[in-house]
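Following: one structure in structure tokens, then a few remarks.
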Amino acid sequence: MDSDLSPQDRKDLDKFIKFFALKTVQVIVQARLGEKICTRSSSSPTGSDWFTLAIKDIPEVTHEAKKALAGQLPSIGRSMCVEISLKTSEGDSMELETWCLEMNEKCEKDIKVSYTVYTRLSLLLKSLLAITRVTPAYKLSRKQGHDYVILYRIYFGDVQLSGLGDGFQTVRVGIVGTPIGTLTLSCAYRTNLALMSSRAPGEEEGGAYAGVEDSQEVCTTSFSTSPPSQMVVPGKEGGVPQVLLQPSHGTQADHGRLPSCPAADMPHQAPPSSCNVLSRSTEVKSASPSDAIETTFTRKVGAFVNKPTTQVTTASLDLPFAAFAPRAYDLEENDPMVHPPASPTPSSPLQGSLHSQSSSQSGGQTQEDFVMVDFKPAFSKDDLLPMDLGTFYREFQNPPQLASLSIDVSAQSMAEDLDSLPEKLAIYEKDIDEFDAFVDTLQ
Amino acid sequence: MNCRSEVLEVSLEGRQVDEALLSLLHTILLHRSTGKFHYKKEGTYSIGTVGTQDTDCDFIDFTFVRVSSDELDRVIRKAVTEFKDALGNSGSDGMGQISLEFYQKKKSRWPFSDECIPWEVWTIKVNVVNLANEQERQICREKVGEKLGEKVINIVEVINRHEYLPKMPTQSEVDNVFDTSLKDVQPYLYKITYQITDSLGTSVSTTMRRLIKDTLAL
């Protein structure tokens with residue numbers, strides 16, 4: 001099957017598929033950050049914009065994607081999937097959609113790799129940009145913040161759609177035929193948005209983290225109008241390096257989001273199936289450890305929110321990187337990160353758009369199915385004490401109607417009033433002298 | 001070669017017409033625009049980068065992606081506004097259609113003028129409805145948003161069939177295939193035309209407007 005493909009073409013094709021997979025993940029994740037995305041057109045090619053599209057690379061996302069792929073490429077039977085889920089401030093989660101990049105056996109042998117496949121992949125990315133704004137999760141992600149956040153998870157292997165509930169819909173974004181198989185990009189999205197009560201541990205996928213080749217590969221930006229044999233593909237000769245991937249920076253930014261983070265330069269501690277949080281309140285990635293610490297302390301915590309004492313305990317454990325030890329469920333519940341307080345946080349320069357390289361967090365949270373959302377009002381303490389704010393609110397949420405306001409009673413009394421009017425008038429007429437005297441005293 | 005033709009229909013309120021048409025036309029143009037070509041020696045060329053921009057609609061629960069080019073946006077908005085005005089002034093039931101046609105130019109010898117050969121035509125049929133109250137308008141906001149989402153999926157489906165596209169031109173031929181007048185992006189040559197249908201269903205004013213700089217103007 002591959003015998004018709006020249007080594008150079010095969011190499012190019014593998015490179016295209018790899019960068020296509022990485023860009024696909026970027027587009028999907030950025031579309032769920034909750035903000036409008038805007039990139040500029042540039043008439044001069046820079047050599048680092050793959051598929052002639054300006055798609056920024058969030059380093060953490062690329063890192064997660066490469067970790068999931070572990071040096072492999074989407075191939076027959078091994079698909080790359082990006083799962084988007086919602087996590088409420090209570091800690092309940094629900095899968096919203098799964099984007100799949102699959103390869104099947106149908107080959108298009110005569111297609112030109114460096115030109116046709118490349119432009120079709122570019123077209124497919126544009127379609128992905130359009131479709132990511134159309135599925136139901138987009139609107140949910142734009143409204144994320146206090147009540148819930150949107151998470152993503154990348155895995156490689158078999159597609160898992162069971163978490164999407166009954167009646168999920170599928171939309172196909174597009175297909176691109178290549179000499180080694182046909183790439184298909186599709187999205188399966190949940191239609192039943194009722195939260196479920198069962199919690200099953202998330203399945204872990206993704207291979208071990210094989211070494212990342214910090215690629216300096218330049219994307220093909222030159223094409224030829226002459227016949228294929230003379231095709232010139234300037235690639236690596238003195239090209240502009242690809243956006244450098246900086247996992248360490250990524251982890252620092254992650255640390256910036258955790259409430260008690262004593263030291264910086266933490267290794268990436270999230271388990272393989274970590275869900276990464278996409279939230280509007282992002283922070284500028286710091287370039288040095290000290291900055292990471294600073295961002296920790298300048299992170300906004302709402303007024304009246306008590307820092308749970310359990311966190312202090314954890315931090316004081318005699319463990320290196322204690323704050324990154326897998327946290328018990330209680331801690332997650334108390335984490336102001338997961339339950340952001342309802343205080344109006346004014347948008348600060350730190351709350352990033354894509355341009356300030358918004359970070360995503362590997363929160364070390366396992367994927368769970370959804371449970372009933374329990375109301376947790378702003379400024380409330382943990383629901384341990386009786387007559388907590390939440391309990392109070394719940395109990396008095398639906399008070400009975402006031403008797404005087406109920407329609408029947410008032411209608412009745414209205415009729416009674418009307419009937420009794422003549423009698424009342426007669427009484428008042430009798431006492432008319434008294435009333436006149438009263439009025440005189442007032443004057 | 002056969003020109004493929006796609007028709008999309010939308011029913012909406014008067015104030016939603018602009019945004020709905022912009023969203024669909026921009027979605028099509030997103031797929032039918034490339035970066036600027038820069039020709040080099042030996043018949044090679046490089047392609048500029050196309051940026052994208054999310055745009056929220058005010059009267060529809062919908063967000064669409066367009067190419068980051070203010071110039072292109074101005075041209076499309078102008079066309080849509082003209083169509084909307086024509087729709088309003090015609091006194092018809094508010095039915096009309098706007099067409100986005102992609103074409104190639106074929107040079108002919110003098111004294112014949114160049115031929116415009118369309119290769120893809122998108123027609124959006126618009127039906128304007130009047131709503132009685134705010135509640136209906138709110139429902140319409142959401143419904144039209146969902147409908148537009150379906151239309152975007154239709155558009156993407158057609159485009160990803162990877163049917164005929166003009167061959168990449170040499171430097172001398174580039175203006176026969178692409179609109180090179182914009183400074184940041186390069187859409188395929190296109191023109192936008194519209195028709196207003198009167199209440200009898202016949203076309204009252206077949207108004208052909210060249211709304212983009214057509215280099216045919218000799």
Side-chain angles (χ1 to χ4, degrees), chain A residues 27 30-31 35-55 108 111 115-116 118-120 122-136 138-139 142 171-177 185 220-227 230-234, chain B residues 23 26-28 30-40 42-56 61-70 72 142 145-146 148-153 155-157 159-162 165 167-171 173-174 182-186:
Chain A
V27 168
Q30 288 171 23
E35 292 167 343
K36 291 203 295 190
I37 305 299
C38 178
T39 56
R40 293 186 58 191
S41 301
S42 160
S43 64
S44 328
T46 60
S48 61
D49 290 324
W50 277 92
F51 308 105
T52 68
L53 278 174
I55 298 171
E108 240 180 277
I111 200 169
Y115 178 66
T116 311
Y118 190 83
T119 36
R120 285 185 182 179
S122 174
L123 209 54
L124 188 52
L125 270 180
K126 288 174 181 171
S127 299
L128 182 64
L129 280 162
I131 300 281
T132 42
R133 276 63 175 170
V134 155
T135 53
Y138 181 71
K139 287 195 192 127
R142 288 292 296 272
V171 59
R172 192 173 77 172
V173 181
I175 62 170
V176 173
L185 184 55
T220 308
T221 53
S222 230
F223 301 87
S224 175
T225 50
S226 34
Q230 294 171 26
M231 196 87 62
V232 170
V233 178
Chain B
S23 67
H26 270 303
T27 300
I28 298 166
L30 168 70
H31 291 86
R32 292 286 180 247
S33 301
T34 72
K36 296 285 290 180
F37 281 15
H38 297 278
Y39 286 92
K40 301 184 269 206
E42 300 149 15
T44 62
Y45 61 96
S46 58
I47 308 180
T49 303
V50 171
T52 58
Q53 196 164 322
D54 285 339
T55 309
D56 288 337
D61 275 348
F62 193 62
T63 302
F64 63 93
V65 181
R66 67 169 175 89
V67 155
S68 286
S69 167
D70 290 338
L72 182 64
E142 293 162 12
E146 285 168 16
L148 287 179
E150 286 170 29
K151 300 301 161 199
V152 165
I153 295 175
I155 292 170
V156 160
E157 201 187 354
I159 289 189
N160 274 273
R161 285 183 208 151
H162 299 304
L165 275 183
K167 211 168 56 148
M168 280 302 126
T170 56
Q171 189 166 13
E173 303 260 295
V174 70
L182 303 172
K183 65 178 192 321
D184 42 15
V185 295
Q186 192 173 286

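Residue numbering restarts at 1 for every chain, and letters A, B, ... go by the order of the sequence lines. Predicted model, so just to flag it, every value in this text is computed and none were measured.
- Taking 4.5 Å as the limit, some side-chain heavy atom of B:Y39 sits within range of a side-chain heavy atom of B:V174.
- Only the backbone of B:K183 comes within contact range of chain A, judged by heavy atoms closer than 4.5 Å.
- Within the 4.5 Å cutoff, the side chain of B:H38 has no heavy atoms near those of the B:T44 side chain.
- If you tally non-hydrogen atom pairs under 4.5 Å between each of B:D56, B:I159, B:V152 and chain A, the highest count goes to B:D56.
- Interface summary for chain A: among B:V156, B:L148, B:L182, B:V65, the most heavy-atom pairs under 4.5 angstrom belong to B:V156.
- In this structure, no portion of B:S23 lies under 4.5 Å from any heavy atom of chain A.
- No side-chain donor from either of B:D184 and A:S41 sits under 3.5 Å from a side-chain acceptor of the other.
- Under a 3.5 Å cut-off, the side chain of A:S122 and the backbone N or O of A:F51 do form a donor-acceptor pair.
- With a 4.5 angstrom heavy-atom cutoff, B:V50 touches chain A via backbone and side-chain atoms both.
- For the set A:L129, A:V176, A:T135, A:T116, the entry with the most heavy-atom pairs within less than 4.5 Å of chain B is A:L129.
- Interface remark: of the candidates A:S44, A:A54, A:P136, A:S127, A:S127 forms the most heavy-atom pairs closer than 4.5 Å to chain B.
- Each of A:I55, A:L125, A:T39 was evaluated against B:T52; a single residue qualifies, A:T39, per the side chain to side chain contact (heavy atoms under 4.5 Å, CB included) test.
- The minimum heavy-atom distance between B:T27 and A:A130, with the atom names listed, is CG2-CB, 4.3 Å.
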